[in-house]
Amino acid sequence: MNLWRKLACVALAVVVCASLAANLLAPAGYEKQYREATDAPPSHAHWLGTDDLGRDRLARVLYGTRISLLMAPAAALLSTLMAAFIGGLAGYLGGIWARLAMGVTDLFLSLPWLFLLITARAFMPLNVAPLISVVVTFLLLGLLGWSTAARVLCATAASLSSADFVRQARAAGVSRLRLFWIHVMPNLKPVLYAQFWISIPVFILSEANLGILGLGVSEPMPSWGSLLRELEGLVSMREEPWKFVPLVLLVVVVMSFQLLLSKHEELPA
Amino acid sequence: MKHEEKMRREIEKRGKIGLVLVILCLGSLLGRALAQGGGELRFCIRMEPKTFDPLKVEDEASASIRYLTGGVLVRVNRQTQDLEPALAQSWKVSKDGRQITFRLRSGISFSDGTPFSAGDVAYTIQQLMDPALHSPTGDAFRSGTGNVETKVISPTQISITFPAPVAGLDRLFDQVAILSERSPRKEAAVLGPFMLADYKPGATVLLKRNPNYWKSDEQGRKLPYLDSIRLDIQPNRDVEMLRFKRGELDLINSLDSEYFDKLEATSPQLVHDAGPSLDSEQLWFNEVAKAPIPAYKKNWLRSANFRRAISEAINREDLGRIVFHGHAQPAAGPFSPANRFWFNSKLRPQFYSPDGALKGLQSDGFRLENGVLKDKDGNEVVFSIITNAGSKTRERMAVLIQDDLQKIGIHVNVVTLDFPSLIERMTQSFDYEAIILGLTNVDLDPNGEMNVWLSSAENHQWNPQQKTPETSWEAEIDRLMRAQASSTDFKRRKEAFDRVQEIAVEEQPFIFLINKNALSAVSPAVHGAAPVILSPQTFWNAERLTVSAK
């Protein structure tokens, strides 16, 4: 196994284990407010200090990691699969199917999502448990985030459908479904992976911004998105470097997944 | 001896020459200082001014420009809160509160040179009260149906008669900038210390010294000292802060507590905490009968006992200490103690007592089961608090309250909404349970809050536009508010409004949380600044400010 891949494995294992062991590492929980120690720097009691309301930052990072690490990839997977199905199939089939699918994609891209989300919020009840708000938020992101990737996949699939090996398979009498599944889909994988990895940080940040519409992960539950919002007012890394932990974690996790799932030959030596 | 005498005379002669030189130098410096003027004051307004017409002002940016350029008959001293003579050297309000007579100063000219007289005051009042103008300033004077009559008694005397008594009539004139009747360019003719010199939309408003300003200082020197004021239009507070730190701005009005602390950490001499302001933050429950919320929840929200218990369970000290970094005080009632005349000094902030709150709820049939509060029908007490997204302080207050109420078994869902959605829920659909928002008070007089406290008013937020008061205490507040508005006897007005404040605290339609402190920052280059709690906090005495060379 390549050294980078090993490092990625270790990093992911550490992050996942730490988040699963949040109850042990931060027994006070993510919502306990130490009101006499607000915005405190790292100490023996609070390894990453406390936030503005005196909540243990380590606990919030660990519990936030659980949520974001589970939900953001799930939403990215949903959107990538939708993009693969709509874009990939349309590109492969071509003709009226491609035009129809791209028309729907263009329509989706041109919709004013902000207003649609505001409307969606208006239809949702105000009294929603934080856990349900998490699921709803990432489900929305997954359902809405496929259109850009679908365009890329449609173009890639269209170019593949006229490739020599596909023509050869078609000439050999391979059925259309088998052709798509066995010959086209594996060649779409690099694009799918790229779309998947791009989507994860985008969804994490989108979740933070959805809070403006009353949709994001609601308080007191933490998420990487809400933790990253803490960085808004910071002007220098030197001031309070421990506040950058969620950002570092996001970068490390996305890079680790990328390294772990990339082909051997794509990795640096 | 002769030699000694000669030496002594020589020393005396040289001493006299030295003294003359020192006097000449000081004179020269003073002359240069006077010739140089007071420099340019620079600060930010946070939005584009909507108008330069002083009668149409309704936004903060336009109000700042009106304050600096408009000449008024009387001025509320922002430091003492007393009413002081300005263009009028004296005034008298009739006993029935319908008429006010001003004696004006003579020999005053507008910035364009046209002379000022009682005719200009009459013209301004006619314009102000013109219903077609929809002047927000004029609305404060509308006490009844009928026309406002102005009578010019002489060039320096005028009486204005209103169709019905106007409470606090004289203080209302603090907002009325006098227009020129005869000037060909009316918008350019002002009586205030500064006049509009340049306006670049989205960038700056430049005000220059009004050469015809009537005021002089105690030494007879013409005011204002400043040559000009540059107001940069800058909505971004981070940029404003950065520019202030770089020395590109001279002051910041209404500083956030977070920025205040950051600045205080590096330059404590620059920041000013003038104490509690008139602004308050409050939580209220939806008491609208037709609101689309379950009936059992309506019963809680419309119960004064329930509201009192919630109020008791909120730790206001922590709200001020944690959310506002100590730059806010627990609120006692509708008016802040900063309002020296109208605050009911008998009122005290609600004492924090979760146990007391629980007892109060139990007397209403609520019970605590396994850490969950249930009503007499077994419904779990769960409600949502909405507030506007983007306001960190309100979001934090909501989370602290969420935690406080969890201690008495109440589960609160905190929801942040974009402002238009929040307003829609608050005023149209009434689809909410509780809201945290703030009130920005600029008016010291309770008449400015008629639109909040009258049960028929649109801004009677917990249950607006009632055809007839739905509760006896709201009927009582209506009666008292009307009584104080129609009386010119200050003592009777004060008694009536004191009682309104007491009822508001007893019934808790608004659960007043905190009064924010008036925070500001002033560069050491600015001389004469004395930040106060009333708006405009830092430049209320702009005519006496000077800015030394950078």
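In what follows, chains are A, B, ... by sequence order, proteins preceding strands, each numbered from 1. These figures come from a predicted structure and were not determined experimentally.
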Pair [X] + [Y], salt bridge at N-O below 4.0 Å:
{"X": "Glu395(B)", "Y": "Arg229(A)", "result": "yes"}
{"X": "Arg396(B)", "Y": "Asp51(A)", "result": "no"}
{"X": "Lys32(A)", "Y": "Asp403(B)", "result": "no"}

What part of Phe419(B) gets within 4.5 angstrom of chain A, counting heavy atoms only: side chain, backbone, both, or neither?
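It is neither, since no heavy atom gets under 4.5 Å.
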At a heavy-atom separation under 4.5 Å, does Arg237(B) approach chain A through its side chain, its backbone, both, or neither?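 Looking at Arg237(B), nothing touches chain A.
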[atom1]/[X] to [atom2]/[Y] distance, rounded to the nearest 0.5 angstrom?
{"X": "Leu126(A)", "Y": "Ile386(B)", "atom1": "CG", "atom2": "CD1", "answer": "6.0 Å"}
{"X": "Arg35(A)", "Y": "Asn315(B)", "atom1": "CZ", "atom2": "CG", "answer": "5.5 Å"}
{"X": "Gln402(B)", "Y": "Glu31(A)", "atom1": "CD", "atom2": "CD", "answer": "7.5 Å"}

* Do you know the tightest heavy-atom contact between Ile322(B) and Asp52(A)? ->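 Closest approach of Ile322(B) to Asp52(A): CG2-O, 3.3 Å.
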Are there more than 12 heavy atoms of other residues, nucleotides or ligands under 6.0 Å from atom [atom1] of [X]?
{"X": "Lys407(B)", "atom1": "NZ", "result": "yes"}
{"X": "Glu424(B)", "atom1": "CD", "result": "yes"}
{"X": "Tyr296(B)", "atom1": "OH", "result": "yes"}
{"X": "Met255(A)", "atom1": "CE", "result": "no"}

Check your understanding: Given side chains that start at C-beta, do those of His325(B) and Thr38(A) come closer than 4.5 Å, heavy atoms only?
Key ->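 Sidechains of Thr38(A) and His325(B): no contact.
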Review point. Should Glu433(B) and Asn127(A) count as side-chain neighbours, where that means a heavy-atom distance under 4.5 Å?
Key: yes
Tell me, out of [options], who's got the most heavy-atom pairs with chain A below 4.5 Å.
{"options": "Asp431(B), Val414(B), Val382(B), Asp318(B)", "result": "Asp318(B)"}
{"options": "Ile385(B), Leu400(B), Val323(B)", "result": "Leu400(B)"}
{"options": "Asp404(B), Val412(B), Asn388(B)", "result": "Asp404(B)"}

